[in-house]
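Data block below; observations after.
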Amino acid sequence: MKKLLTMLMLLLVGLTAQAQQKVLVQGTAPVEVKMVYFLGDPISERSDLDSVACVEGKWQYEKEVTADRTVVTILADKDKDNPKAWTFLMADGVSSTADLATGTVTGSKASIALNSSMRRLFTLMMAGEKTQEAENEALIMMRNAVMDNLNSMLPVVFIPLIADEMTAGDLKQLLNPSAPYYNHPAMQAARTRLDLLSGNSPRSIGKKFIDFTMEDTQGKKHSVSEWCGKGKYVLIDFWASWCGPCRGEMPNVVACYEKYHDKGLEIIGVSFDANKEAWLNAIGELKMPWIHLSDLARWKCLAGQIYGIHSIPSNILLDGEGKIIENDLRGEMLDAKLAEIFGN
């Protein structure tokens with residue numbers, strides 16, 4: 001759930017497209033509401049705020065927006081600090097109606113699905129839900145919203161969050177060249193996942209590791225073949241000091257290392273940092289006792305390019321022969337897999 005809720009904070013960031021389109025929405029609100037506000041990303045783009053007056057509980061908004069305004073967030077003045085009360089719709093040019101008293105929308109099928117999913121996700125987030133049941137609910141909800149709206153741009157909103165949990169069948173259906181979102185950059189996560197499941201990625205299960213060489217924290221060069229394929233299980237962990245989710249996950253990785261290292265687990269940390277001091281400080285702060293490598297090239301990291309790493313945290317688990325047996329294990333999944341290998 002930590003992964004989902006962390007990424008949710010980036011969910012509404014403007015997305016690349018080519019043209020302009022209209023937002024057409026009218027609605028109602030409680031009579032005490034005087035202003036209704038509109039924005040794309042309520043987390044990091046409040047400067048993009050727009051507004052209209054609400055008179056006797058009624059308001060209307062019509063505007064040409066750039067096509068990267070995929071999502072429109074609507075909030076009444078009294079609810080500006082309560083995300084659970086916000087309403088959402090797709091900026092797809094379809095005339096919509098929003099009731100800010102009940103948080104419901106009518107209009108395009110995609111807007112209805114987006115609003116229902118986003119309001120529930122924000123409720124989970126604000127409630128601090130971190131159970132497996134809450135995570136499963138969130139994943140199922142987003143997956144259903146995507147698969148039921150493949151003729152709209154809605155998939156670009158949720159795919160970066162759920163691609164790693166989707167089946168090959170879903171991904172093949174999703175990646176239809178005639179779909180309106182097919183060439184959108186947000187779909188890279190789905191393509192990467194399908195390559196993994198289809199055996200077409202360097203990280204696919206059963207593939208032999210690809211060797212690479214980088215410098216350690218002292219500037220000494222090491223190749224991962226010094227550890228991989230030598231009889232021990234090896235976790236190659238891709239991270240960076242500037243990556244909040246990476247830092248949030250690291251205590252779990254440390255705990256797994258302490259639990260399983262003596263049983264045969266090695267970890268190789270590969271950093272996407274560019275600043276050596278920040279890299280070294282993070283290793284110390286997070287108490288990461290394994291070998292660390294980096295070429296300080298950020299997203300041009302050699303290992304990242306070799307293995308097709310487009311987001312972090314990410315990892316690859318190798319068996320004693322140096323063959324890949326799992327990818328992107330985090331939280332309880334990492335400990336469960338290692339317990340399966342080594343025993344509790």
List in chain and number order the residues that pass ring pair (Phe, Tyr, Trp, His ring centres under 6.0 Å) with [X], two or more places apart in sequence or in another chain; answer none if no residue qualifies.
X	answer
His222	Trp227
Phe272	Trp299
Phe342	Tyr233, Tyr260

TODO: Can you run down the side-chain hydrogen bond (donor to acceptor under 3.5 Å, both in side chains) pairs that involve residues 276-286, sequence neighbours left out, and say none if there aren't any?
DONE: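 Residue pairs passing side-chain hydrogen bond (donor to acceptor under 3.5 Å, both in side chains), neighbours aside: Arg247-Glu285.
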
Do [X] and [Y] come close enough that some side-chain heavy atom pair is under 4.5 Å?
X	Y	value
Met250	Asp237	yes
Leu154	Lys109	no
Ile312	Trp239	no

Can you run down the salt bridge (charged side-chain N to carboxylate O under 4.0 Å, His left out) pairs that involve [range], sequence neighbours left out, and say none if there aren't any?
range	value
residues 258-273	Lys232-Glu266, Lys259-Asp335
residues 111-127	Arg120-Glu137
residues 89-102	none

Note: with side-chain heavy atoms under 4.5 Å as the link, the other cluster members for Val105 come out as Ile112

Q. What residues, two or more places apart in sequence or in another chain, satisfy side chain to side chain contact (heavy atoms under 4.5 Å, CB included) together with Met333?
A.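 Checked Met333 against side chain to side chain contact (heavy atoms under 4.5 Å, CB included); matches are Leu329.
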
Test side chain to side chain contact (heavy atoms under 4.5 Å, CB included) applied to Ser178 - qualifying residues, sequence neighbours left out =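 Only Asn176 meet the side chain to side chain contact (heavy atoms under 4.5 Å, CB included) criterion with Ser178.
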
Only residue of Asp164, Asp148, Asp170 satisfying salt bridge (Lys or Arg N to Asp or Glu O under 4.0 Å) with Arg143 is Asp170

By salt bridge (charged side-chain N to carboxylate O under 4.0 Å, His left out), which residues pair with Glu62, not counting sequence neighbours?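 Partners of Glu62 by the salt bridge (charged side-chain N to carboxylate O under 4.0 Å, His left out) criterion, ordered by chain and then number, come out as Lys22.
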
Contacts under 3.5 angstrom, residues 286-297 side chains, donor-acceptor by atom type, not counting sequence neighbours:
{"from": "His292", "atom 1": "NE2", "to": "Met288", "atom 2": "O", "distance (Å)": "3.2"}
{"from": "His292", "atom 1": "NE2", "to": "Trp290", "atom 2": "O", "distance (Å)": "3.3"}
{"from": "Ser294", "atom 1": "OG", "to": "Ser271", "atom 2": "O", "distance (Å)": "3.1"}
{"from": "Ser294", "atom 1": "OG", "to": "Leu296", "atom 2": "N", "distance (Å)": "2.9"}
{"from": "Asp295", "atom 1": "OD1", "to": "Ala297", "atom 2": "N", "distance (Å)": "3.4"}
{"from": "Asp295", "atom 1": "OD2", "to": "Leu302", "atom 2": "N", "distance (Å)": "2.9"}

